[in-house]
Amino acid sequence: MRDSNPRTVYLKDYTVPEYLIHNVDLSFTLDEKNTRVVSRLTMCRNPASRSSDTSLTLTGENLKLVRVVLNEDSELGDKDYLQTPDSLIIHEVPQQRSFVLTIENTIDPKANTALEGLYLSNGMLCTQCEAEGFRKITYFLDRPDVMATFTTTIVGDKDRFPVLLSNGNRVGGGDLPDNRHWVSWKDPFKKPCYLFALVAGRLECVEDRFTTMSGRDIALQIFVEKHDLDKCDHAMQSLKHAMAWDEQVYGREYDLDLYMIVAVGHFNMGAMENKGLNIFNTKFVLARPDTATDADYENIEGVIGHEYFHNWTGNRITCRDWFQLSLKEGFTVFRDQEFTGDRTSRAVKRIEDVNMLRTRQFAEDAGPLAHPIRPDAYIEINNFYTLTVYEKGAEVVRMLHTLLGAAGFRKGSDLYFERHDGQAVTCDDFVSAMETANGVDLSQFRRWYAQAGTPVVGVAQHFDAAQKTLSLTLSQHCPPTPGQTAKEPLHIPVVTGLINRDGSPALCRLGENEAAAEQVVLELTQAKQAFVFSGLEEEPVVSLLRGFSAPVKPALNRPPEELAFLLSHDPDTFNRWDAGQQLAVQVMSGLIADYRNGAKLAVNPLLIDAYRKVLEQSWDDLSYFSLLMTLPSELYLTEQMRVVDVEAIHHAREAVARALAEQLREPLETLYLRYHRDESGRFDAGAIGRRRIKNTCLSYLAQLDADWARHWSLQQFNTAKNMTDQLAALTVIVNHPHPARQQCLDGFYRQWRHEALVIDKWFAAQAMSPMPGTYERVLGLLGHPAFDIRNPNRVRSLIGAFSQSNPLHFHAADGQGYRFLADRIIELNGLNPQVASRMVGALTSWRRYDENRQNRMKAELERIVSTEVISKDVYELAAKSLA
Ligand code: B3K
Ligand code: ZN
C-alpha cells in the first residue's frame with residue numbers, strides 16, 4: 001500500500017462530472033467473507049461536461065470484478081475495459097443516449113478492518129461510505145455531485161441476518177430456498193453514494209412514531225443488539241425532540257415515512273447521516289442512568305439531533321465536492337448547538353463549545369495543519385473532518401446569524417432550502433442565499449471560508465469626559481499559516497456592552513442618531529477601526545465579544561480588579577464566566593513562572609476572594625455555577641504559553657486548586673453535602689446541576705490530603721446508582737493517592753465488564769490520571785484482555801485519552817509517551833488508517849515544546865513517515881507536521 005507520492009486534490013481543479021447516474025439498482029448477496037454485489041447503473045453523458053473523452057472511469061478499491069455488461073446484453077471482454085488498483089476504465093460508452101451498465105463484483109467484509117465500505121461489527125454487517133467508502137463496495141462515480149435514486153435488494157441467511165436494512169422505504173421481501181430471505185428498499189430521493197447504507201444482522205428494534213407538522217405519520221425505529229434494548233429510550237426521545245425543533249426553528253419537516261437508527265460497536269467516528277438509515281456509534285445511542293453520565297445523555301441528544309438535521313443540511317442539499325464539507329458540517333453543527341442550547345442551558349452549552357474551540361481548534365489553526373474551513377487541497381479527505389471544518393465552520397455560520405439577526409438568518413435559510421433542494425452546492429451558494437434574502441453584501445465575509453488562522457483583535461479605549469464619549473479602537477491581524485502568508489481583514493461581528501462602575505448596565509449609543517441599546521454589534525471590517533459611544537456620564541467597563549461572537553483572540557490586558565468586577569457584574573453569561581477564566585489564567589501564568597524559577601507558589605488572594613464571592617451567591621443554574629467554579633484546563637493554559645511547560649502548568653494549576661480547597665473548604669463541604677443525594681434517573685436541569693456542582697466540590701476537596709474527601713469519594717463510589725456519580729468518584733480516587741484505588745478499579749471492572757461503553761470509561765479514567773506510574777499502567781492495559789486495537793472506541797479510550805488528555809505523562813521528558821504513541825500509530829496504520837491518523841494529532845504541535853521534546857516528537861514523526869507501508873491518511877498528517 002506504500003504510496004510514496006500520494007496525489008494531492010485541488011479545489012481549483014474542480015470540473016463537473018463527465019457522466020451522470022440517474023438510477024442505481026443494487027443487489028447484495030450477503031456473506032461475511034464473500035459478499036456478491038450486482039450494480040445496475042442507468043447513466044448518460046453529462047450535457048454540462050466539456051470533455052471530449054468517450055471513455056468512462058469509475059472508482060473502485062479492493063473489489064474483485066466478476067463481469068461488466070453494457071446495455072443488458074453485451075458482456076464486455078478484457079479488451080473493452082482496463083482495471084487499475086483504484087478504478088475501472090471502460091474504453092467506449094454511448095455518448096448520445098442513456099445506457100445501462102451492469103457490474104458484478106465481490107467483496108470481503110471480514111477482512112475490512114478499516115471500517116470503511118461494508119464491514120463486520122460483532123457479527124452484523126454494516127456500511128460507512130462518507131467520504132469515499134462506496135468505492136469499496138462497487139465501482140461507481142464516487143463523488144457527491146453525482147446524485148441518483150437507489151433501489152437495494154438484500155439477500156441473506158435468515159439466522160445470521162434476520163434484519164436486512166437499507167435507505168428509504170421497504171418495498172418488498174420474501175423467503176428463498178436454503179433458509180434465506182430477501183428484502184428490497186427504495187429511496188425516492190436523489191442522493192450521492194456517500195449517503196448509501198446497508199445493515200444486516202441479529203438486531204432488535206425499539207419503535208415509536210412522530211406526527212409531522214403537516215400531519216404525516218412517521219415510524220421511528222432504533223436497532224440495537226438484544227442486550228441493549230433497555231438503553232434506547234433517551235435516544236428515541238432525543239429524535240422526537242430534534243424533529244419537532246427543526247419544524248419550529250427552521251420550518252423543516254421529515255420527508256420519508258420511516259426513520260431508522262442502528263447502533264454499532266465498531267465505528268470510526270460518532271455517527272453517520274445516511275438517508276433514512278443513520279448508523280451510530282453505540283456511544284451516541286445507548287444510555288441508562290446507571291451506565292451513562294449526564295454528559296453522555298447530553299451528547300446523545302446532540303448527536304441524534306445533528307444527524308437528523310443533516311436530512312436537510314447535507315442530504316436534501318448536499319456538497320458539490322468535498323472542499324465544501326463545511327457547507328453541511330458547519331451549518332449542521334451550528335444547528336445542533338442551538339438545539340442543545342434550547343433543550344438545556346444556553347449559557348453552559350455556549351461555554352462548553354467555546355472551551356473546545358479555544359483549546360483544540362485554535363491549536364489546530366495555529367499549527368502545521370492549519371487550513372481554511374473550505375480547504376484548497378487535500379491528499380486524504382478523511383483527514384479534513386476537522387475541528388476547523390466543523391467547529392470553526394459553525395462559528396462562521398453563527399456570525400452570519402449574529403450579523404443578520406434571527407429573522408434575517410431564517411429568511412436566508414428559507415431561500416437556501418428553496419433554491420437548492422435536490423442539488424449539490426457550494427459554501428458560496430449558502431452565503432449568496434443569505435445575501436439575497438437580506439439585501440446585504442457579504443463579499444468580505446466570504447473571506448472566512450478561504451482564510452486560515454485565528455485573528456487577533458486588538459482593543460484600545462479612550463474616554464473623553466468633556467464630550468462624554470468613549471472611543472473604542474479595534475484592530476485585527478491574522479498570523480500567517482502554512483501556504484498563506486498574506487492575510488486580508490475579515491468581517492468580524494464584535495458584540496459589545498458597557499457597564500457602569502456601580503455594576504449597572506450603561507446604554508450603548510453609537511453616533512448621534514442611533515437609538516440606545518443594551519448591547520451593539522460592532523462590525524469590524526478594516527485593519528483598524530474606531531467606534532465612538534456617546535452620552536456617557538462616566539467611563540464604563542467594556543464587555544467585549546459577548547457570547548464569544550467571533551472565533552478570534554481578543555488582545556486585552558485587563559487588570560485583575562477589572563476581571564473580578566466583570567465576574568461579578570457582566571450580564572452576559574459567557575463574558576462573566578470568561579472574566580473568571582482570564583483572572584485565573586493571569587494568576588496561574590504568574591505561578592507557572594514562579595515554578596520555573598523554583599520559587600514558592602503563593603496564590604493571589606484576589607482570585608480566592610473572587611471564587612468566594614461566586615460561592616456565596618445563590619444560583620438558579622447550578623451547571624453554570626459549576627463552570628464558574630472550574631479552573632481553566634491544562635490544555636487552555638497550554639495555548640497561552642509560548643514554549644509549553646507541561647510540568648509547570650500542571651503544578652501551577654494544582655497549587656491554585658489546592659489553595660481554593662484550603663481556603664474555601666467549609667463552603668465547599670457544605671455545598672457537597674447539601675447536594676449529595678440520590679436522584680438517579682432524573683435528567684432535568686436541576687438534578688443534573690446538583691450532581692455537577694457537588695462533584696466539582698468533591699474534586700476540589702480531594703486536593704487536600706484529608707480523610708473527608710477520601711471518605712466521601714469512597715462512599716459515593718460505593719453507593720452511586722448513576723454513572724455520573726460513580727465515575728466522578730472513581731476519577732477522584734484514581735487521580736489522587738487513595739488507599740482503595742485498586743479495589744475500586746477492580747470492583748468497577750467486575751461490575752461493568754459486560755458493558756463495553758462503561759469499560760471504555762474505565763480505560764480512559766486510568767489513562768488520564770496525573771498520578772505517578774500512569775505510563776506503566778497504560779502500557780499494561782494494552783495487554784488487558786478487554787483491550788482490542790481493532791475497536792476504535794477502545795483505541796480512543798486508552799491511546800487517545802492518554803495522548804490527548806494527559807499532557808503531564810504523554811509529554812514526559814524522556815520521550816516514552818511519544819514512542820508509545822508512534823508504535824501504536826504504526827500498528828494501527830495497517831489496520832485502520834482513519835483511526836491511526838486521528839492519533840497523529842498529539843504529535844503535530846511539536847514546535848510548541850522545549851528543544852528536548854521537540855527533537856523527540858520530531859524523531860517519532862520521522863519514524864512514522866519512513867514506515868515501509870504507510871497509508872495516505874497517516875502520511876499526509878505526519879509529513880505536513882514535519883514540513
Ligand atoms: N458526516 C459524518 C462524518 C463522516 C466522516 C468520514 N470520515 C458524521 C457527521 O458529521 O454527522
Ligand atoms: Zn455532520
Side-chain angles (χ1 to χ4, degrees), residues 61 112 114-117 119 126-136 142-144 167 191-197 238-239 242 246 261-264 266-281 283-285 299-319 321-340 353 373 375 378-394 396-397 424 427 430 792 796 832-841 871-874 876-877:
E61 279 172 36
N112 183 356
L115 314 187
E116 199 187 36
Y119 66 91
C126 61
T127 53
Q128 171 53 38
C129 295
E130 188 179 359
E132 298 178 329
F134 194 75
R135 63 187 63 184
K136 295 183 170 181
D142 188 356
R143 44 187 291 169
N167 319 81
K191 66 168 178 286
C193 64
Y194 82 84
L195 291 171
F196 170 79
S238 302
L239 177 59
D246 213 17
I261 291 176
V262 181
V264 302
H266 295 71
F267 209 62
N268 282 347
M269 63 271 167
M272 179 64 213
E273 69 263 25
N274 315 303
K275 182 80 189 189
L277 177 56
N278 288 184
I279 299 181
F280 270 63
N281 187 325
K283 183 175 163 61
F284 295 109
V285 175
N299 289 335
I300 288 169
E301 189 173 60
V303 178
I304 295 254
H306 180 99
E307 306 311 330
Y308 176 75
F309 303 143
H310 266 317
N311 191 51
W312 276 97
T313 52
N315 301 1
R316 291 287 287 254
I317 305 181
T318 191
C319 302
D321 54 74
W322 291 120
F323 297 99
Q324 317 297 328
L325 184 57
S326 204
L327 169 78
K328 74 177 177 82
E329 295 305 345
F331 192 10
T332 305
V333 171
F334 171 71
R335 279 150 57 70
D336 85 54
Q337 290 176 345
E338 289 296 290
F339 169 57
T340 302
D353 290 336
I373 64 168
Y378 60 78
I379 292 176
E380 170 52 62
I381 184 57
N382 281 326
N383 283 333
F384 284 80
Y385 288 73
T386 58
L387 289 156
T388 298
V389 166
Y390 275 64
E391 310 301 322
K392 185 176 180 180
V396 170
V397 175
C427 297
F430 175 72
R796 285 184 282 259
N832 188 331
Q834 268 186 66
V835 171
S837 90
R838 288 278 156 180
M839 295 294 130
V840 178
S871 61
K872 54 181 185 166
D873 309 57
V874 172
E876 177 172 38
L877 296 197

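Start at 1 and go down the list; that is how both ligands and their atoms are numbered. Only a predicted model underlies this, so the values are computations on that prediction, with no experimental measurement involved. The analysis underlying the following values was restricted to heavy atoms, covering all of them including side chains, and did not include hydrogens, waters or symmetry mates.
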At a 4.0 Å threshold, what atoms of ligand 1 neighbour a non-hydrogen atom of [X]?
| X | result |
| --- | --- |
| His310 | 9 (C), 10 (O), 11 (O) |
| Met272 | 1 (N), 2 (C) |
| Glu329 | 1 (N), 9 (C), 10 (O) |
| Glu273 | 1 (N), 2 (C), 8 (C), 9 (C), 11 (O) |
| Lys328 | 1 (N) |

**Request:** Round to 10° and report the angle made at the Zn ion (ligand 2) by OE1 of Glu329 and NE2 of His306.
**Result:**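 Result: 110°, to 10°.
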Does any N or O in the side chain of [X] come within less than 3.5 Å of the main-chain N or O of [Y], such that one atom is a donor and the other an acceptor?
| X | Y | result |
| --- | --- | --- |
| Gln128 | Glu130 | yes |
| Glu61 | Lys136 | no |
| Asn167 | Leu195 | yes |

Nearest protein heavy atom to [atom], by residue and atom, and its distance?
| atom | value |
| --- | --- |
| atom 10 (O) of ligand 1 | Tyr390 OH, 2.5 Å |
| atom 8 (C) of ligand 1 | Ala271 O, 2.9 Å |
| atom 1 (N) of ligand 1 | Glu130 OE1, 2.6 Å |
| atom 7 (N) of ligand 1 | Asn382 OD1, 2.8 Å |

**Item:** Any Arg316 side-chain heavy atom under 4.5 Å of Lys275 side chain
**Value:**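 A side-chain contact under 4.5 Å exists here.
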**Message:** Quick one about Asn268 and Asn832 (side-chain donor to acceptor, distance below 3.5 Å, no hydrogens or angles considered), yes or no?
**Reply:**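 Their side chains do contain a donor-acceptor pair, which is all the 3.5 Å distance test asks for.
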**Prompt:** Which one of Phe309, Phe339, Phe280 satisfies the side chain to side chain contact (heavy atoms under 4.5 Å, CB included) criterion with Ile304?
**Reply:**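 The single option meeting the side chain to side chain contact (heavy atoms under 4.5 Å, CB included) with Ile304 is Phe280.
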**Message:** Both conditions, 6.0 Å and 45 degrees, for the charged tip of Arg335 above the ring of Phe331: are they met here?
**Reply:**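 Judged by the rule, Arg335 and Phe331 form a cation-pi pair.
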**Request:** Using a cut-off of strictly less than 2.8 Å, determine whether Glu307 has an N/O/S atom near the Zn ion (ligand 2).
**Result:**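 No, Glu307 does not qualify, because none of its backbone or side-chain N, O or S atoms lies under 2.8 Å.
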**Message:** Ring-plane angle category for Tyr378 and Phe323, please: parallel below 30°, perpendicular beyond 60°, tilted otherwise.
**Reply:**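 It falls in the tilted class, 30° to 60°.
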**Message:** When you measure from the heavy atoms of Gln834 to every atom of ligand 1, does any distance fall below 4.0 Å?
**Reply:**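 Yes.
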